[in-house]
Amino acid sequence: MALLPYLILCLIPYTLASQRRLHPRDDAAFSPPYYPAPNGGWLSDWADAYEKAQRVVGNMTLAEKVNLTTGTGEFMGPCAGQTGSALRFGIPNLCLHDSPLGIRNSDHNTAFPAGVTAGATFDKDLMYQRGVGLGEEARGKGVNVLLGPVVGPMFRKPRGGRGWEGFGADPSLQAIGGAQTIKGMQSTGAIACIKHFIGNEQEMHRETTVLGPGYSSNIDDRTLHELYLWPFAEGVRAGTGAVMMAYNDVNRSACSQNSMLINGVLKDELGFQGFVVTDWLAQMGGVSSALAGLDMAMPGDGLIPLLGDSYWGSQLSRAILNGTVPMERLNDMSQVTRIVATWYQMGQDQDYPLPNFSSNTLDEIEPLYPGALLSPTGVVNQYVNVEGDHNITAHAIARDAITLLKNDDNTLPLSKNASLYVFGTDAGPNSNGLNSCSDQGCDNGVLTMGWGSGTSRLPYLVTPQEAIANITPSAAFYITDTFPSDLTPNASSTAIVFINADSGENYITVEDNPGDRTTADLFAWHSGDELVQAAAQAFSSVVVIIHTVGPLILENWIDLDPVKAVLIAHLPGQEAGYSLTDVLYGDSSPSGHLPYTIPYNETNYPASVGLLDQPFGQIQDDFTEALYIDYRHFLHANVTPRYPFGYGLSYTGFSFSNPVLTPLTPINTTFPPPRAPKGPTPVYPSTIPDPGEVAWPASLTRIWRYLYPYLDDPSSITPSSNASTSEYPYPAGYTLTPHPPPRSGGGAGGNPSLYDVAFTLSIDITNTGSFSGRAVVQLYVSLPESIGVDVPGLQLRDFGKTGVLDPGDVETVVLNVTRKDLSVWDVEVQDWRTVMAAEGVGLWVAGEGG
Ligand code: NOJ
């Protein structure tokens, strides 16, 4: 990495912590218990919403409360999932729906560039604008909770299927991308749902099924805090209304009922005030998940969907009436108050639209509950156009993410009159038609996104082929992955070769890849490498355009002399064509940077980040590489990558000068100052409600297999004297005595002092070249040995991007370094520790190139 050291202060002696003791949390083998579930409502930012929620929840019947915690069943409404309602209080069935890049399986919506593309822009404002667009479209379609952003997976496994839904292989890039998205989305009133909490780094074997448990991600406490939790902490700090738990186990406890993760880490340590929802069908048990802090079960069904069974719903009503689940838990569930408070917090009590679309069909009139065998029909699609002018943001992101890896002889930009030959199906349309593959589960035509639930339909698509043809009408197109045998280009012709690499979610297998890139390896699909090699034999100038979900091995052709230029266009969404030609022809200089490292060879990665596959028994995925993923690993192992994280060239040049470091909040303690005590939380009577509250209403027309909160003979259920029954034994370690508030907590995202800005660094950026362009500044920190533990050599902590600078223009970019940015997680003290006065800390700035 071409890095400029800006500040290295002198080291001070430091006595290493005495004997290292294993804290229960630092045991990556078993997740320790953490009970009871902390109530929400103690943070001032949420106080009004909780006050309103308390008034409402205090007057709800048991049926209304249970309704809000449980989905009505798979395919029992228009959205991926919907809760029951509490209509007496104006609370409708809440619609929870995908995706992180657009409204899934809908119409007249924008297909934004994927998260990894937004990450590659290194542009905070575009990340925010994308969030606003997503939120506006969610609101316009009546989606209450939009299931994004994704900040886990984090590309720990380069072959993992869903890294592309997030922003990149670094906790700060994920954190900033996620937080900007949440702020943007929620500015519209839509509730963001950050996901998947946590350790969901591969697709295969993620789910517990009748065949066996999902894999266990075994993560030590320090790695959890410094890598995988980091973006979730920023998401909570940004005010996310919901968090989705991952399918897998963490340290052998299923995430959806992992009391340490939900009660301990999310609700106590990070001070999360919103609600916690399962991933779809990831609930493992009723009493256990309620006690462990889960607030909402989606889509509501039990182990086998569509049978009308639920772990909650009527079973939760029963568990409350017989005293197995304490009333306090349901009231707060932290469930109900948390859900209602979140609804108020985003202002959804003020004219928030009801769903006007169905993700089950594009027809106008269809069954309202397609999961039921017999269902009334009605208008399910009103075809509301929610696109607004979001194409502008989508285009800007797709363009400003484009990452130039190589540009020998200034081959790019191209002249509009150049003699061009274009190769590869990735330049053209899906030969079976736009959106012909459900959830984009195929690799046919230009790759605009990966596959699975993290997708949306494309409202339109201008392909690269069309965009190039519009600018260079004489260009010749060979939209095939086989190089033509009869081609005789003249010496001055340029070949543009399009190749791609796809991946997605596990429930769809594409070309033998079950979500993760198993058979594709880390190579281009459809013999893309051979296509480039063949072009390089026939042409003296080859430009390679890559659409990819993540890292790709380029070694089969990158050093061939005719391969002059290489662009990664990531996953551009609907704006694939003109965003690319803007850069190809020089209307815009490339300004994207790699959100992950590209190695020479897959063996350059640590062995522990390979995919795991085993037929029987639970897979134990030990995160033994600990903090050393992606560039942290390459630096640590002293392995030179082909292109490092953060790399990206420009058509112009930039100089960085005049760094000014301004200390703001002094660091005069190694641990943050003590947190404030928790504020009050709503209190309700804990008496068991009248069983009549969950009796079937006489007027109800029942839908078969719909999940209701009602019971046949509720008055026959009497509270047991011993709540922890042998039928539903309480988990080991269950207690009603709350934990002392964790010292690392105290605010949204942890102790507020962690986020005090210790320094700002301002830096002047001058365009020294002859093109207009945008520059990115990346700020990395290095921590001194005196911190007492092994730390990655460099860690990205902030970044900034200039506007378009004309030649000679100067812009000052200001970057922040917080106390947390300079801290390590002390597993014994259970708090963030730094060095006094930041002594020995290094700040490093990387810019053009990487
Ligand atoms: C499962 C996926 O893992 C999750 O990301 C998605 O939101 C749900 N299905 C709902 O579609």
field: Side-chain donor/acceptor of E575 to backbone N/O of A394, under 3.5 Å
entry: no
query: Does D439 come within less than 4.0 Å of R104, counting only side-chain N to carboxylate O?
result: yes
message: Taking ring-ring contact (aromatic ring centres under 6.0 Å, His included) as the definition, give me every residue that meets it alongside F634, ordered by chain and number, with sequence neighbours left out.
response: Y605
message: Within the structure provided, determine whether Q202 and D613 are in side-chain contact (heavy-atom separation under 4.5 Å).
response: no
task: Could you pull out the closest heavy-atom pair between V563 and W557, with the gap in Å?
output: CG2-O, 3.5 Å
- request: Please check if the side chain of E466 supplies one atom and the backbone of T463 the other of a donor-acceptor pair under 3.5 Å.
  value: yes
statement: In V544, I598, L567, the residue satisfying side-chain contact (heavy atoms from CB on, under 4.5 Å) with L405 is I598
query: Minimum heavy-atom separation for P464 to A427, with atom names?
result: CD-O, 3.4 Å
message: Which residues pass the ring-ring contact (aromatic ring centres under 6.0 Å, His included) test with Y596, not counting sequence neighbours?
response: F155
- request: Indicate the atoms forming the closest heavy-atom contact of E201 with P153, along with that distance.
  value: OE2-CA, 3.3 Å
- prompt: Just by modelled atom types, is the L458 backbone N or O under 3.5 Å from a matching donor or acceptor in the Q574 side chain?
  reply: no
message: Any non-hydrogen side-chain atom of F498 less than 4.5 Å from a side-chain atom of V446?
response: no
message: Using modelled atom types and a 3.5 Å cut-off, is there a donor and acceptor pairing between side-chain atoms of K801 and backbone atoms of T121?
response: yes
message: Using a 3.5 Å distance criterion without hydrogens, assess whether the side chain of T240 forms a donor-acceptor pair with backbone atoms of A192.
response: yes
query: What is the distance from atom CZ of F483 to atom CG of D481, rounded to the nearest 0.5 Å?
result: 12.5 Å
message: Is there a side-chain hydrogen bond (donor to acceptor under 3.5 Å, both in side chains) between T472 and Y585? Walk through the geometry before answering.
response: CA-CA 10 Å; T472 305; Y585 290 97; 2.7 Å; yes
query: Do the side chain of Y128 and the main chain of D123 share a donor and acceptor less than 3.5 angstrom apart?
result: no
query: Looking just at side-chain N and O atoms, do Y215 and E207 make a donor-acceptor pair shorter than 3.5 Å?
result: no
- request: Compare all side-chain heavy atoms of K183 with those of Q180 and state whether any distance is below 4.5 angstrom.
  value: yes
field: With D400, the salt bridge (Lys or Arg N to Asp or Glu O under 4.0 Å) member among K124, R130, R774
entry: R774
- request: Check step by step if side chain to side chain contact (heavy atoms under 4.5 Å, CB included) holds for H395 and D582.
  value: CA-CA 10 Å; H395 181 118; D582 284 351; 2.6 Å; yes
message: Treating T519 as the side-chain partner and D512 as the backbone partner, does any N or O pair qualify as donor plus acceptor under 3.5 Å?
response: yes
- request: For residues H196 and V150, determine if any side-chain heavy atom of one lies less than 4.5 Å from a side-chain heavy atom of the other.
  value: yes
query: Side chains of H633 and E625: donor-acceptor distance under 3.5 Å anywhere?
result: no
task: Taking all heavy atoms of M298 and all of G81, pick out the closest pair and write down the distance.
output: SD-CA, 3.7 Å
task: Start with the C-alpha gap between D426 and W525, add the side-chain angles, then the distance that decides, and say whether side chain to side chain contact (heavy atoms under 4.5 Å, CB included) holds.
output: CA-CA 10 Å; D426 183 67; W525 287 39; over 6 Å; no
- line: In this structure, CG of N444 is separated from CG of N432 (nearest 0.5 Å) by 5.5 Å
task: Show the numbers, then the answer: is there a side chain to side chain contact (heavy atoms under 4.5 Å, CB included) between V277 and M245?
output: CA-CA 6 Å; V277 58; M245 302 308 291; over 6 Å; no
- line: Scanning both residues in full, the closest heavy-atom pair of H570 with T403 reads NE2-OG1, 2.9 Å
- prompt: Can you tell if the side chain of D516 reaches within under 4.5 Å of the side chain of K157, non-hydrogen atoms only?
  reply: no
message: Side chains of L101 and W164, heavy atoms from C-beta outward: is any pair under 4.5 Å?
response: yes
query: Does some side-chain heavy atom of L146 sit less than 4.5 Å from a side-chain heavy atom of I103?
result: yes
- prompt: In terms of side-chain heavy atoms, does S217 have a donor or acceptor partner in D621 at a distance below 3.5 Å?
  reply: no
message: Treating R159 as the side-chain partner and R517 as the backbone partner, does any N or O pair qualify as donor plus acceptor under 3.5 Å?
response: yes
query: Should the ring pair Y421 and F423 be called parallel, tilted or perpendicular, given that the plane angle runs from 0 to 90° and is split at 30 and 60?
result: parallel
Flag, side chain of D279 to backbone of A282, donor-acceptor distance under 3.5 Å: no
- prompt: Between G168 and M154, which heavy-atom pair has the shortest distance, and what is it?
  reply: O-CG, 3.6 Å
field: side chain to side chain donor-acceptor pair (under 3.5 Å) against S579, all qualifying residues, sequence neighbours excluded
entry: none
- prompt: When you check the side-chain N and O atoms of Y578 and N470, is any donor under 3.5 Å from an acceptor?
  reply: yes
message: So that I can tick it off, tell me whether K195 and D98 are bridged by a salt bridge, with the cut-off set at under 4.0 angstrom between side-chain N and carboxylate O.
response: yes
- prompt: To the nearest 0.5 Å, what is the distance between CD (Q465) and OG1 (T425)?
  reply: 11.0 Å
- request: Could you grab the distance from atom OH of Y507 to atom CZ of R206, nearest 0.5 Å is fine?
  value: 8.5 Å
- prompt: Does T802 use its side chain to pair, donor to acceptor, with the backbone of A775 at less than 3.5 Å?
  reply: yes
message: Nearest 0.5 angstrom please: W451 CH2 to Q440 CD, how far?
response: 12.0 Å
Flag side-chain contact, heavy atom, 4.5 Å: H547 against I545: yes
statement: In this structure, CD1 of I182 is separated from SG of C193 (nearest 0.5 Å) by 9.5 Å
Pair F357-H97, ring-ring contact (aromatic ring centres under 6.0 Å, His included): steps then yes or no: CA-CA 11 Å; F357 75 107; H97 196 61; 5.1 Å; yes
